[in-house]
Amino acid sequence: MKLKQIGNKKSLTEQAYEVLKEAIISGEFQQGQILTEEQLANELAISRTPVRAAVKQLEFENLVEVNPSRNIIVATITEKDIEDAVQARSLVEVEVAGMLAETATKEQCEQLRKIVSRQMEAVKANDYLSFLEHECEFHSKIGEYCGNVWYEKLLRSISILQRRVLTLAGHLEDDWEFAAGEHSEIVNYLEQHQKEEVRTLMNKHIRNGQPAYLFNKKEGHF
């Protein structure tokens, strides 16, 4: 494993956080893998202080755990994590989409369409990881545009878990064009301010993206 070394455009903590988060989400760091501050600092070619700060942020987002020995353990996704996330999305994101349907602007819909276009480009390029990045970006934008900062934070947090799950499970690889098509339909309803229609479709879209049936019951994780 070779992590990308970081430069100086952002703070070292921000850069370390982004690189480490991507390594976790993409599966480069495996579930349950044990890391150390020294190891990560060496890989990133920076001191341990910004690494420690980045790890604290990752821990807050439930991407890692730090044990009493100060080892950093990549968080394992459980079946309950998935069920809880789907339940939260079904309760919150469906309502958020309905709220946004009442206020969505032309500019917001255009931005959402650009994300869908990037998804379709990823489909043509057979780039599943890029597709998933835009999948989660789309849902995070829905939260951002609704105007409620708490909904935005919740959906952004859930989208990180969702991206990890879909990366590990490969669930959308056979249906990614269909998933992007649902995004396009969602934008159509938002643009037309059709509240009930977008709520119904969002609920269906969330259920279609549920990978629980791929869950390994015996092992308790992917």
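- Partners of E197 according to the side-chain hydrogen bond (donor to acceptor under 3.5 Å, both in side chains) rule, which considers only residues two or more places apart in sequence or in another chain, do not exist here.
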Less than 3.5 Å apart, which donor and acceptor atoms pair up between the side chains of residues 150-157 and the rest of the protein, not counting sequence neighbours?
| residue | atom | partner | partner atom | Å |
| --- | --- | --- | --- | --- |
| E152 | OE2 | R156 | NH2 | 3.4 |

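- Ion pairing between E144 and K141 holds under the 4.0 Å rule for side-chain N and carboxylate O.
- With sequence neighbours excluded, the residues satisfying side chain to side chain contact (heavy atoms under 4.5 Å, CB included) with C109 are A104, V187, L190, E191.
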Side chains of residues 65-74: which donor-acceptor partners sit under 3.5 Å, not counting sequence neighbours?
| residue | atom | partner | partner atom | Å |
| --- | --- | --- | --- | --- |
| N67 | OD1 | S69 | N | 3.0 |
| N67 | OD1 | R70 | N | 3.1 |
| N67 | OD1 | N71 | N | 2.9 |

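- By the side-chain hydrogen bond (donor to acceptor under 3.5 Å, both in side chains) test, E196 pairs with R199, sequence neighbours left out.
- Residues satisfying the side chain to side chain contact (heavy atoms under 4.5 Å, CB included) criterion with Q111, sequence neighbours excluded, are K114, Y145.
- Between K195 and E102 a salt bridge is recorded (basic side-chain N to carboxylate O distance below 4.0 Å).
- Listed by chain and residue number, S11 satisfy the side-chain hydrogen bond (donor to acceptor under 3.5 Å, both in side chains) test with E14 (two or more places apart in sequence, or in another chain).
- Residues passing the side-chain hydrogen bond (donor to acceptor under 3.5 Å, both in side chains) test with R89, sequence neighbours excluded: E93, H139.
- Separation of atoms CD1 (I186) and OG1 (T200) is listed at 11.0 Å; rounding is to 0.5 Å.
- Checked against ring-ring contact (aromatic ring centres under 6.0 Å, His included), H134 has no partners two or more places apart in sequence or in another chain.
- How far OH of Y17 is from CD of E22: 10.5 Å, rounded to the nearest 0.5 Å.
- A donor and an acceptor atom, one from each side chain of D81 and T78, are located under 3.5 Å apart.
- For E37, the salt bridge (charged side-chain N to carboxylate O under 4.0 Å, His left out) criterion is met by R48, R52, not counting sequence neighbours.
- Scored by the side chain to side chain contact (heavy atoms under 4.5 Å, CB included) test, S117 finds no partners at all (sequence neighbours excluded).
- Taking E110 as the reference, K106 meet the side chain to side chain contact (heavy atoms under 4.5 Å, CB included) condition, with sequence neighbours excluded.
- In the model, S130 has no side-chain atom that pairs as donor or acceptor with a side-chain atom of R118 under 3.5 Å.
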